[in-house]
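Since the structure comes first, as structure tokens, the remarks are kept for the end.
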Number of protein chains: 2
Amino acid sequence: MKQQNTKQKILDASLDFFSKHGYSGASIRQIAREVGVRESAIYNHYKSKEEIFNSILDEFKTRTITTKILSDDLLDDLVNPEKFLKHFAARLIDHWNSPDERKFIRLLLMEQFTKIGSRELSVTEHLTELRSICKMIFGEMAKHGVIKEIDPELLAEEFTAQLFFIRTELLSSDNPEKIKFVHEKVSRHVEFFWNGIKA
Amino acid sequence: MKQQNTKQKILDASLDFFSKHGYSGASIRQIAREVGVRESAIYNHYKSKEEIFNSILDEFKTRTITTKILSDDLLDDLVNPEKFLKHFAARLIDHWNSPDERKFIRLLLMEQFTKIGSRELSVTEHLTELRSICKMIFGEMAKHGVIKEIDPELLAEEFTAQLFFIRTELLSSDNPEKIKFVHEKVSRHVEFFWNGIKA
DNA sequence: AGCCCTAATGAACACTCGTTCACAATATAA
DNA sequence: TTATATTGTGAACGAGTGTTCATTAGGGCT
């Protein structure tokens, strides 16, 4: 019958159900129904429910945000650091607002403490790349003397924690108005943050 | 046989299992075994699993932090605002580090998006009281001219978001060394925050 | 003493769960 | 076209799920 299609459909449907009901709350039969197949067919592609879960984790672990967030046109804004930070944050929020990212972060928040998730899921680890990007940015800003002399690592943590917190507010509803509200909040955060660190 | 004891034991055991495996991952039989009773006895005290869950929510909803955090001896520190904020934050972290609070916030993070939790569980709502306390504090500080003129509500959000984020790092392990590490992190956060807002 | 009421029991209910298996249908390669 | 490997089906498995119920045990009351 159909081929590679089904395997990806299983992954998509699983991420959807896992993020809605949690790992143990989602069932193979629900997933199979969503894919349009009997539950036994699932096991032609994955040998267990846990393997599906781990495959989702693997997929998101290899994803990178740097190329998506730090495009050339954005780096041009570096001459105006506040404007740069605002664009940077806005782009990050938009990225986090994509359906897959929303589902994954829900899964991350839900399963990070359970037996199945605690081996590989951690918010801190998930933010590692973002933090190192920010650390680099603030390091450069400090080098050019546009901000006060503050440990770039601390700056990165302060900057990203608030963004991540705002992000969780995005997750509660699918209301499209919400994203405007979130962007305004992010904008205020960047302004406050910038006023606290500018030289 | 025994009386009121069992009802509270059910609540305690349920919070423990819910916070470890999630609502759907925890079973009535596990809970009953932990309490030391057969599963059918549970239904003499609660009419369903969902009612146990709601009872837990009710208990934590009526809890108040103001009296625990804002004691008189702490308010004496208000003459030194930075010192006050450090003590305030440290006391908050200690409160959040208590076993019950740790379990509840895990439950909150896990179930906030599921069908069972989405009706009553929200991080934002859970932080409402803390935010209003902070808003009041920063409002007073602004009135006395010890900090810059910034919207107290924004200050409250910026201050608490980082604390809440640090809190989640507390949840991952029961390592008692962790709490020292967290306190150092909180201390640095308060210093950074204070330097950004002081007049 | 007897009575009531709460609480605990153990068996059973009707499901749902993840997973397996023999088998059939299809797509691909020869 | 035939052979083969892949992907699907339907039924079944043992175990676990939340919940109900008739029955029993025990403490507090008159």
Side-chain angles (χ1 to χ4, degrees), chain A residues 1-58 107 110-111 114-121, chain B residues 1-59 107 110-111 113-121:
Chain A
M1 310 210 167
K2 292 175 193 172
Q3 49 221 38
Q4 199 70 8
N5 211 352
T6 301
K7 186 155 189 170
Q8 186 58 43
K9 273 161 113 181
I10 293 172
L11 231 52
D12 293 342
S14 298
L15 176 59
D16 196 59
F17 278 105
F18 286 163
S19 73
K20 273 179 186 150
H21 311 105
Y23 176 79
S24 64
S27 81
I28 295 286
R29 281 174 178 80
Q30 280 181 308
I31 293 166
R33 200 178 310 127
E34 179 74 14
V35 172
V37 118
R38 293 291 106 82
E39 64 267 20
S40 51
I42 300 280
Y43 293 87
N44 285 323
H45 303 275
Y46 299 94
K47 74 179 217 290
S48 66
K49 186 183 181 185
E50 190 167 345
E51 194 184 79
I52 300 178
F53 182 79
N54 288 327
S55 293
I56 292 176
L57 262 51
D58 289 343
L107 187 59
M110 287 192 330
E111 298 297 335
T114 65
K115 205 170 143 202
I116 179 95
S118 62
R119 285 173 292 115
E120 308 204 56
L121 280 173
Chain B
M1 310 214 167
K2 291 176 191 170
Q3 48 221 40
Q4 199 69 7
N5 210 352
T6 301
K7 186 155 189 170
Q8 186 58 46
K9 272 160 111 181
I10 294 172
L11 230 53
D12 293 343
S14 297
L15 176 59
D16 197 58
F17 278 105
F18 286 163
S19 73
K20 273 179 186 149
H21 312 104
Y23 176 79
S24 65
S27 82
I28 295 286
R29 282 174 177 80
Q30 280 181 309
I31 293 166
R33 200 178 310 126
E34 179 74 14
V35 172
V37 116
R38 293 290 104 83
E39 64 268 20
S40 51
I42 300 280
Y43 292 88
N44 285 322
H45 303 275
Y46 299 94
K47 74 179 216 290
S48 67
K49 186 184 181 182
E50 190 167 345
E51 194 184 77
I52 301 177
F53 182 79
N54 287 327
S55 294
I56 292 175
L57 261 52
D58 288 344
E59 189 183 317
L107 187 59
M110 287 191 330
E111 298 296 335
F113 307 121
T114 66
K115 206 171 143 203
I116 180 94
S118 61
R119 285 173 292 114
E120 307 204 57
L121 279 173

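Not measured: the values here are computed from a predicted model. Here is the naming used below: chain letters follow the sequence lines, and residue numbers restart at 1 for every chain.
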Check: In whole angstrom, what separates B:Phe53's CZ from D:dG18's P?
Finding: 14 Å
Note to self: Let's test your reading of the model: under 3.5 Å, does the base of C:dG10 pair with the side chain of B:Ser40 as donor and acceptor?
What the structure shows: yes
Check: Between C:dT19, D:dG18, C:dA8, which one does the side chain of A:Ser48 approach most closely?
Finding: C:dT19
Notebook entry, point to check: In whole Å, what is the span from the CD1 atom of B:Ile42 to the P atom of D:dT20?
Noted result: 14 Å
Item checked: Any B:Phe18 side-chain heavy atom under 4.5 Å of B:Lys49 side chain -> yes
Check: Given A:Asp12 and A:Glu34, is the side chain to side chain contact (heavy atoms under 4.5 Å, CB included) satisfied, shown in steps?
Finding: CA-CA 10 Å; A:Asp12 293 342; A:Glu34 179 74 14; over 6 Å; no
Check: Taking CD from A:Glu39 and P from D:dG10, how many angstroms apart are they, rounded to a whole number?
Finding: 10 Å
Notebook entry, point to check: Expressed in angstrom and rounded to an integer, what is the separation of A:Ile10 atom CD1 from C:dT19 atom C1'?
Noted result: 14 Å
Next item on the list: Give, for atom CD of A:Glu111 and atom OH of A:Tyr23, the distance between the pair rounded to the nearest 0.5 Å.
Entry: 9.0 Å
Next item on the list: First locate atom OG of B:Ser48, then atom CD1 of B:Ile28, and finally report the distance between them rounded to the nearest 0.5 Å.
Entry: 8.0 Å
Notebook entry, point to check: Quick one: B:Lys49 NZ to D:dT20 C1', roughly how many Å, whole number?
Noted result: 17 Å
Next item on the list: Using a cut-off of strictly less than 4.0 Å, decide whether B:Thr6 has a side-chain nitrogen or oxygen near OP1 or OP2 of C:dA8.
Entry: yes
Next item on the list: Nearest whole angstrom, please: distance from the P of C:dG18 to the OH of A:Tyr23.
Entry: 8 Å
Note to self: Under 6.0 Å from the ring centre and within 45 degrees of the ring axis: does the NZ or CZ of A:Lys20 meet both conditions for the six-membered ring of B:Phe113?
What the structure shows: no
Check: CZ of B:Arg29 versus P of C:dG10: gap in Å, rounded?
Finding: 13 Å
Margin query: Students often get this wrong, so: under 4.0 angstrom with heavy atoms, is B:Ala26 touching a base, only sugar-phosphate, or nothing?
Written below: sugar-phosphate
Notebook entry, point to check: Below 4.0 angstrom from OP1 or OP2 of D:dG10, is there any side-chain N or O of A:Arg38?
Noted result: yes
Check: More 5' along DNA chain C: A:Ala41 or B:Asn44, using each one's nearest nucleotide?
Finding: B:Asn44
Next item on the list: Look at A:Ser27 and C:dC17 and indicate whether a side-chain polar atom (N or O) is within less than 4.0 Å of OP1 or OP2.
Entry: yes
Next item on the list: Could you state the atom-to-atom distance from CD1 of B:Ile28 to P of C:dT16 in whole Å?
Entry: 18 Å
Check: So does B:His45 get a side-chain nitrogen or oxygen closer than 4.0 Å to the phosphate oxygens (OP1/OP2) of C:dT6?
Finding: no
